[in-house]
Amino acid sequence: MKHEIKTLLTQAVSSLKTRGELPADIETNIQITRTRDASHGDFACNLAMMLAKPVGKNPREVAQLLIDALPSHGHIDRVDIAGPGFINFYVSQASALSVINDVLTQGDTYGLSNIGAGRKVQLEFVSANPTGPLHVGHGRGAAYGATVADLLEAVGFNVHREYYVNDAGRQMDILGTSVWLRYLQLCDIDVPFPSNAYQGDYVNDIASTLLAQHDKNLVHPLTAVMDNIPADEPQGGDKEQHIDALIQRCKTLLGDDSYLQVFDLGLNTILDDIRQDLKEFGVVYDEWFSERSLARNGLIKQAIERLQKANYVYEKEGALWFKSTDFGDEKDRVVVRDNGQHTYFASDIAYHMDKMERGFDRVIDVWGADHHGYVPRVKAALKALGDDADKLDVLLVQFAVLYRNGEKVQMSTRSGSFVTLRELREEVGTDAARFFYVMRKCEQHMDFDLDLAKSKSSENPIYYIQYAHARICSVFRQLAEKNIQHDIGSGNNKLEKLTESHETELMVSITKYPEIVEAAALNEEPHLLAHFLRDLANELHTYYNAHQFIVDDENIRNARLNLISATRQVLCNGLKLLGVSAPESM
RNA sequence: GCCCCGAUAGCUCAGCUGGAUAGAGCGUCCCCCUCCUAAGGGGAAGGCCAGAGGUUCGAAUCCUCUUCGGGGCGCCA
């Protein structure tokens with residue numbers, strides 16, 4: 001309807017232009033909005049006020065010109081000028097009622113559209129280092145990314161969901177070494193555990209598996225392990241030097257093959273856990289992209305060579321630097337260190353180069369807000385490579401700060417004292433977690449009150465929405481118990497019986513649903529849908545309280561049943577898009 | 001020091017990208033089940049939209065500055 005009105009106005013403007021009543025070169029930006037107040041009709045347009053000044057007439061005069069030039073339309077009863085020059089459109093009742101049948105016939109597909117026209121979008125999200133279980137901070141990125149992906153798919157984009165696995169680098173070496181040290185402890189070697197190693201229990205579990213697989217074949221005496229290792233921080237040394245020396249010692253004593261086995265056991269165990277965790281959270285991927293594969297396939301080398309060829313790389317103090325300042329970054333960045341190792345940034349350049357080569361129309365990265373400083377250099381690299389950096393959008397998700405008993409929960413992966421996503425799901429349930437995470441705009445800091453989310457009381461908006469859905473299902477169960485048939489066809493013929501204000505409001509909301517899905521998808525703002533569903537549930541509950549559905553008059557009964565059945569369908573479709581279940585009873 | 005995000009009811013947040021009288025939930029107070037789930041509904045109170053300028057027919061929304069929060073700025077990953 002919105003689009004139809006816009007078309008009508010566009011026609012009006014062009015006919016006024018050809019008749020010379022509007023200057024031919026004037027620019028129009030036609031915005032149709034839904035009115036907040038029913039007394040202003042159903043839709044409003046501010047075009048007349050925007051044209052008033054350039055045309056040199058008062059807004060109400062312009063509005064009258066536009067209305068006179070407006071082609072007639074079967075579904076519009078009346079067009080008024082109101083206030084300072086708004087043009088208000090009144091939609092016919094028949095048109096308003098028709099939405100109910102639309103929903104009932106379209107079912108699961110109501111709200112879907114094809115605005116994306118099959119364009120390929122790649123969405124990379126979570127991509128947490130596989131050095132430990134996902135924590136609640138990752139949960140927000142997971143819920144947000146998955147929902148944006150589903151929304152984009154709902155409006156017709158071809159979405160490719162991807163997880164970038166950081167299976168290379170120092171953090172992973174620390175993990176491998178942590179596993180080995182725990183393994184030594186299991187083998188009664190009294191080796192001190194570094195303060196900078198991964199402290200979590202899961203490291204012990206992996207070490208147990210290692211012991212089961214290799215018996216004591218990977219054991220080395222304490223003296224060999226600790227010989228000449230610089231002191232750890234608690235002993236007055238440097239924790240970084242301490243762990244790095246241990247990593248080297250681990251590699252030397254085990255040899256390449258055995259080291260890789262320990263490393264891969266840690267990596268795969270944790271990755272499997274992450275995969276399972278996300279799956280249970282309703283988050284699935286099309287691809288798990290390995291960072292190590294970049295080097296293996298020569299992509300990093302290729303990326304750096306391309307940058308060199310384009311003359312954006314120079315050598316300084318033994319390292320290779322990328323001239324990102326040529327593209328607006330604050331300082332140049334190292335891509336290959338003086339020890340010959342490429343930096344993480346070099347991997348990222350290669351990864352993004354590869355994304356571009358895979359032919360996506362659009363590439364979206366969902367990152368934690370702490371990585372915001374990283375955006376300019378990645379975009380700079382893409383520009384330097386000659387790619388279209390505008391194809392890349394980085395969505396920054398702010399941290400979720402947890403509160404327990406009114407106090408901030410401190411989180412640290414290293415110390416092992418964090419709340420995992422799995423714990424959160426077990427405490428509050430997947431539905432509530434998914435919903436809570438996307439209830440806020442992603443750039444909004446979020447206070448996640450664990451106690452509140454845990455409490456299974458009416459305070460939880462997700463229960464409120466699910467309850468509305470279950471309530472409707474319950475009505476139909478009652479109907480069946482009373483042996484009354486719901487005649488959809490007859491209800492559809494008697495929709496004009498739906499004259500109560502509650503009913504009209506419900507219909508308007510249902511009509512809005514496709515617009516909400518569209519806006520939520522195109523703006524990457526799932527919270528719009530979350531809020532819409534809350535409002536829709538509220539209208540349903542209000543209606544439920546004010547009127548009986550199972551009444552003696554079968555015309556009214558069937559019409560009302562059609563309306564609540566359509567409402568149920570919209571609630572169900574919306575919840576599904578948010579990754580939340582729609583229970584039939586509660 | 002530089003950069004990003006935020007500031008709206010007592011609390012947690014919306015506000016459709018500049019529109020008509022700024023909205024929800026929670027909390028507080030009052031009311032509603034002989035009736036399809038009271039896990040619900042209705043009503044009341046509660047606001048200098050952080051502050052000051054600017055842009056225009058019109059600003060919570062856009063721009064600048066100030067104040068106050070949160071986060072980030074490595075040859076770490």
Side-chain angles (χ1 to χ4, degrees), chain A residues 31 33-37 39-40 44-46 48-50 52-53 58-59 82-86 88 129 131 166 168-174 240 291 316-321 330-331 333-339 341-345 347-348 368-376 396-399 401 439-449 452 456-461 463-464 466-468 470-479 481-482 512 515-516 519-520 523 525 527-528 530-532 534-535 537-538 540-551 560-561 564 585-586:
Chain A
Q31 294 168 22
T33 50
R34 283 191 177 273
T35 56
R36 195 175 300 169
D37 191 331
S39 68
H40 297 136
C45 181
N46 60 0
M49 288 179 285
M50 292 172 75
K53 193 165 190 189
N58 89 48
F86 288 102
N88 290 340
N129 284 353
T131 52
N166 297 121
R170 181 166 173 265
Q171 291 306 319
M172 288 307 297
D173 282 327
I174 294 178
E240 307 292 349
E291 180 187 355
K316 191 177 89 181
E317 293 160 10
L320 281 185
W321 296 70
E330 329 175 301
K331 54 174 285 192
R333 310 288 173 178
V334 173
V335 284
V336 180
R337 281 176 243 160
D338 58 3
N339 63 9
Q341 296 250 310
H342 65 259
T343 58
Y344 180 86
F345 178 46
S347 300
D348 241 1
D370 53 333
H371 285 72
H372 86 267
Y374 220 74
V375 180
L396 298 172
V397 180
Q398 293 290 332
F399 286 137
V401 181
M439 232 166 55
R440 306 269 172 265
K441 282 193 296 197
C442 74
E443 64 262 36
Q444 180 75 251
H445 294 114
M446 183 168 70
D447 290 340
F448 201 127
D449 187 334
L452 182 75
K456 300 207 166 189
S457 69
S458 59
E459 291 164 27
N460 197 337
Y463 289 124
Y464 185 82
Q466 289 179 320
Y467 179 44
R471 246 185 167 174
I472 297 171
C473 293
S474 172
V475 171
F476 283 95
R477 278 194 298 273
Q478 284 287 326
L479 200 66
E481 271 177 35
K482 292 180 180 171
K512 279 185 200 168
E515 295 165 23
I516 297 289
N523 299 319
E525 291 183 337
H527 76 277
L528 294 178
H531 284 276
F532 168 83
R534 218 252 150 225
D535 291 344
N538 179 29
L540 187 277
H541 287 306
T542 306
Y543 181 35
Y544 182 100
N545 252 269
H547 301 283
Q548 286 279 119
F549 309 142
I550 304 177
V551 292
R560 287 184 175 171
L561 290 173
I564 63 167
S585 66
M586 290 172 76

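Labels below follow one simple rule: chain letters A, B, ... track the order of the sequence lines, proteins then strands, and each chain is numbered from 1.
In this pair, A:Tyr464 does not lay its aromatic ring on the base of B:A39; centres under 5.5 Å and planes under 30 degrees do not both hold.
Nucleotides B:U8 and B:A59 are separated by 14 Å at their C1' atoms, to the nearest Å. For the P atoms, the distance from B:A44 to B:C5 is 39 Å, rounded to whole Å. Comparing B:A39 with B:A22, their C1' atoms are spaced 30 Å from each other, to the whole Å. With C1' as the reference atom, B:A7 and B:C48 are 15 Å apart, rounded to whole Å. On the C1' atoms, B:G70 is 49 Å away from B:C36, given to the nearest whole Å. A gap of 12 Å separates the C1' atoms of B:G19 and B:A60, to the nearest Å. B:C3 and B:U61 have their P atoms separated by 22 Å, with the value rounded to a whole Å. Straight-line distance between the C1' atoms of B:C57 and B:A14: roughly 28 Å, to the nearest whole Å.
Between the side chains of A:Ser347 and A:Glu291, a donor-acceptor pair is found at a separation under 3.5 Å.
With hydrogens and angles ignored, a donor-acceptor pair under 3.5 angstrom links the side chain of A:His372 to the base of B:C3. Donor-acceptor pairing under 3.5 Å, judged by distance alone, is present between the side chain of A:Asn545 and the base of B:G40. Between the base of B:A20 and the side chain of A:Asn88 there is a donor-acceptor pair shorter than 3.5 Å.
Among the protein residues, A:Asn46 comes within range of the nucleic acid bases, having at least one heavy atom under 4.0 Å from a base atom. Residue contacts for A:Ala546: at a heavy-atom cut-off of 4.0 Å it reaches no nucleic acid atom on any strand shown. Here A:Ala44 lies in heavy-atom contact (under 4.0 Å) with a base. A:Asn538 comes within 4.0 angstrom of sugar-phosphate atoms only, judged by non-hydrogen atoms across all strands, and of no base. Backbone-only contact: A:His527 has heavy atoms under 4.0 Å from sugar-phosphate atoms and none from a base. At the heavy-atom level, A:Glu317 lies under 4.0 Å from base atoms of the strands shown. As judged by a 4.0 angstrom heavy-atom cut-off over every strand, A:Phe476 is placed among residues making no nucleic acid contact.
Between A:Ala369 and A:Val336, the residue anchored nearer the 5' end of RNA chain B, judged by the nucleotide with its closest heavy atom, is A:Ala369. Projected onto RNA chain B by closest heavy-atom contact, A:Met49 and A:Asn166 fall at different nucleotides, the more 5' of which corresponds to A:Met49.
In this structure, B:C33 is classed as syn because its glycosidic torsion stays within 90° of zero. B:U17 adopts a syn glycosidic conformation, its chi angle falling within 90° of 0.
Ring geometry, A:Phe549 versus A:Tyr544: the interplanar angle exceeds 60°, so the pair is classed perpendicular (tilted spans 30 to 60°).
Look at NE2 on A:His541: it is 6 Å from P on B:G41, rounded to the nearest Å.
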